[in-house]
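The next block holds one structure in the form of structure tokens; read it before the comments.
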2 protein chains.
Amino acid sequence: MDLPEDGDPLDLDRQVCFPLYAASNLLNRLYRPILAELGLTYPQYLVMLVLWKQTPQTVGSLGDMLYLDSGTLTPLLKRMETTGLISRTRDAGDERRVLIDVTAKGRALRSAAENVPAVLAAGIEIDATSVAQLRDQVRGLVAILHGDSKNADTASS
Amino acid sequence: MDLPEDGDPLDLDRQVCFPLYAASNLLNRLYRPILAELGLTYPQYLVMLVLWKQTPQTVGSLGDMLYLDSGTLTPLLKRMETTGLISRTRDAGDERRVLIDVTAKGRALRSAAENVPAVLAAGIEIDATSVAQLRDQVRGLVAILHGDSKNADTASS
DNA sequence: CACAATAATATTGTTCACAATATTATTGTG
DNA sequence: CACAATAATATTGTGAACAATATTATTGTG
């Protein structure tokens with residue numbers, strides 16, 4: 001009774017993509033004021049998460065991890081350079097590349113960012129199990145959409 | 001073993017929101033060329049889905065259903081008016097409201113849009129059961145995020 | 001009826017996200 | 001080594017999203 005055959009395929013309630021779209025917007029809206037205190041937007045926060053793990057990165061390596069391209073990242077990284085969180089320097093070994101590194105200011109921001117997940121979680125009434133389940137399912141979809149069919153076992157066994 | 005306690009809370013792989021963000025971007029990227037043939041963007045497509053179901057709508061009613069506000073919808077609807085898919089007229093009964101209706105051109109687009117879901121599904125290798133499961137889980141999250149706690153029983157209790 | 005309070009939409013300014021294209025550097029083939 | 005092919009990043013132009021604010025219309029209270 002949930003087959004795509006019966007009913008209108010153009011019904012908003014049938015769409016898979018709409019809830020994802022809505023959830024993404026709503027989450028961004030929830031993150032915004034929290035991250036604003038750190039002087040970050042959500043995609044900028046994602047860049048910092050990567051850089052806090054491993055540095056330096058290139059525009060391309062950031063794009064691979066965040067599923068974004070230079071058209072989005074270049075201006076974003078320039079803004080982050082302006083606010084003093086990162087540095088952008090041409091790779092001497094390969095002048096095509098731009099190395100992205102954290103500055104002292106960017107490194108200092110880490111401790112303040114550490115309770116962002118907790119603050120956010122406090123604003124959402126959902127238990128940890130559901131969250132993990134949801135995360136893994138969406139991750140499976142991302143893998144499929146990105147063509148990493150190796151990781152495409154959303155709910156299989 | 002999946003508790004938020006162990007490990008770094010700022011690890012990209014632990015984030016719930018990132019997969020949702022990535023999935024939303026990737027899906028939009030997938031929709032874009034398909035909808036471009038109809039002269040639509042994804043949010044414009046969502047507006048048409050609503051209007052094909054029930055008309056007229058107001059800016060506010062569309063916003064309620066799509067979780068968007070006038071700051072996003074007003075310019076979007078103006079563009080759709082320009083392309084001739086919808087009409088925007090002040091409600092005579094309440095001049096604050098703007099009634100959004102489909103034009104003949106917008107109505108004619110419906111049949112062409114009917115196979116969008118199928119074309120899209122063809123591009124994603126995922127079974128219907130997983131999709132439905134994912135959809136319902138994300139829908140649960142949307143309900144929580146939006147404060148509709150009535151529908152917030154993703155897996156609670 | 002006056003007029004504050006509220007409601008619905010519009011505007012402004014900033015930051016993404018993207019396709020298409022341009023620019024510059026490196027690699028590969030002869 | 002020349003020079004086409006490729007790779008990495010940047011630029012351009014369009015369309016969202018959003019917070020904050022402005023504008024206009026209606027409602028409610030006296």
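Chain letters run A, B, ... following the sequence lines, proteins first and then strands; every chain starts at 1. Just so it is clear, the structure is predicted and the values come from calculations on it, not from any experiment.
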Completion exercise
From the candidates dT9(D), dT9(C), dA17(D), the one with an atom nearest any side-chain atom of Thr58(B) is dT9(C)
Practice task
Identify, residue by residue, the members of residues 27-38 of chain A with a heavy atom below 4.0 Å from DNA chain D, and return them in order of residue number, or none.
Solution key: Arg29(A), Arg32(A)
Handout entry: Any donor-acceptor pair under 3.5 Å from Thr58(A) side chain to Ser61(A) backbone
Key = yes
Exercise for the section: Please report, rounded to the nearest Å, how far the C1' atom of dT21(D) is from the CG atom of Asp69(B). Expected result: 13 Å
Handout entry: Residues from residues 76-98 of chain B lying under 4.0 Å of DNA chain C - heavy atoms
Key = Lys78(B), Arg88(B), Arg90(B), Arg96(B), Arg97(B), Val98(B)
Practice task
Could you tell me which residues satisfy side-chain hydrogen bond (donor to acceptor under 3.5 Å, both in side chains) with Glu95(B), sequence neighbours excluded, listed by chain and number?
Solution key: none
Residues 97-111 of chain A side chain polar contacts: donor-acceptor under 3.5 Å, at least two apart:
from      : atom 1 : to        : atom 2 : distance (Å)
Arg97(A)  : NH1    : Asp94(A)  : OD2    : 2.9
Asp101(A) : OD1    : Thr55(A)  : OG1    : 2.5
Thr103(A) : OG1    : Gly84(A)  : O      : 2.6
Thr103(A) : OG1    : Leu85(A)  : O      : 3.1
Thr103(A) : OG1    : Lys105(A) : N      : 3.4
Thr103(A) : OG1    : Gly106(A) : N      : 3.1
Lys105(A) : NZ     : Thr83(A)  : O      : 2.7
Arg107(A) : NH2    : Val102(A) : O      : 3.3
Arg110(A) : NH1    : Glu114(A) : OE2    : 2.5
Arg110(A) : NH2    : Asp8(B)   : OD2    : 2.7

Handout entry: Short side-chain N/O contact to dG15(D) OP1/OP2 from Thr41(B), under 4.0 Å
Key = no
Exercise for the section: Report the residue from Leu10(A), Val16(A), Leu12(A), Asp11(A) that forms a side chain to side chain contact (heavy atoms under 4.5 Å, CB included) with Arg14(A). Expected result: Asp11(A)
Practice task
Among the candidates dA17(C), dA10(D), dA10(C), find the nucleotide nearest to the side-chain atoms of Thr72(A).
Solution key: dA17(C)
Handout entry: Nearest heavy atoms of Cys17(A) and Leu120(B), plus distance in Å
Key = SG-CD2, 4.0 Å
Fill in the blank from the handout: Within residues 44-54 of chain A, those residues having any heavy atom closer than 4.0 Å to DNA chain C are Gln44(A)
Practice task
Look at Tyr42(A) and dA17(D) and indicate whether a side-chain polar atom (N or O) is within less than 4.0 Å of OP1 or OP2.
Solution key: no
Exercise for the section: Tell me what Gly60(B) touches on the nucleic acid: a base, only sugar-phosphate, or nothing, going by heavy atoms under 4.0 Å. Expected result: sugar-phosphate
Exercise for the section: Provide, to the nearest angstrom, the distance between the CG atom belonging to Leu73(A) and the C1' atom belonging to dC18(C). Expected result: 12 Å
Exercise for the section: Take the protein atom OH of Tyr67(A) and the nucleotide atom P of dC18(C), then report the distance between them rounded to whole Å. Expected result: 13 Å
Practice task
Report the secondary structure of DNA chain C in dot-bracket form, marking unpaired bases with a dot and bases paired to a different strand with |, and treating Watson-Crick or G-U pairs with both distances under 3.5 Å as paired.
Solution key: ||||||||||||||||||||||||||||||
Completion exercise
Output for pair (Asp91(A) CG, Arg96(A) CZ), nearest 0.5 Å, gives 10.0 Å
Practice task
May I ask you to check whether Asp127(B) and Ser130(B) show a side-chain donor-acceptor distance below 3.5 Å?
Solution key: yes
Practice task
For Thr74(A) and for Tyr21(A), find the nucleotide of DNA chain D with the closest heavy atom, then tell me which residue's nucleotide is more 5'.
Solution key: Thr74(A)
Fill in the blank from the handout: What one should report as the nearest heavy-atom pair of Leu20(A) and Val138(B) is N-CG1, 3.8 Å
Practice task
Give me the ring orientation class for His146(A) and Tyr67(A): parallel if the planes are under 30° apart, tilted from 30 to 60°, perpendicular past 60°.
Solution key: perpendicular
Practice task
Identify the heavy atoms of Leu51(A) and Gln57(A) that sit nearest to each other, and give their distance.
Solution key: CD2-CG, 3.6 Å
Handout entry: The single option from Tyr31(A), Tyr42(A), Tyr21(A) passing ring-ring contact (aromatic ring centres under 6.0 Å, His included) against Tyr21(B)
Key = Tyr42(A)
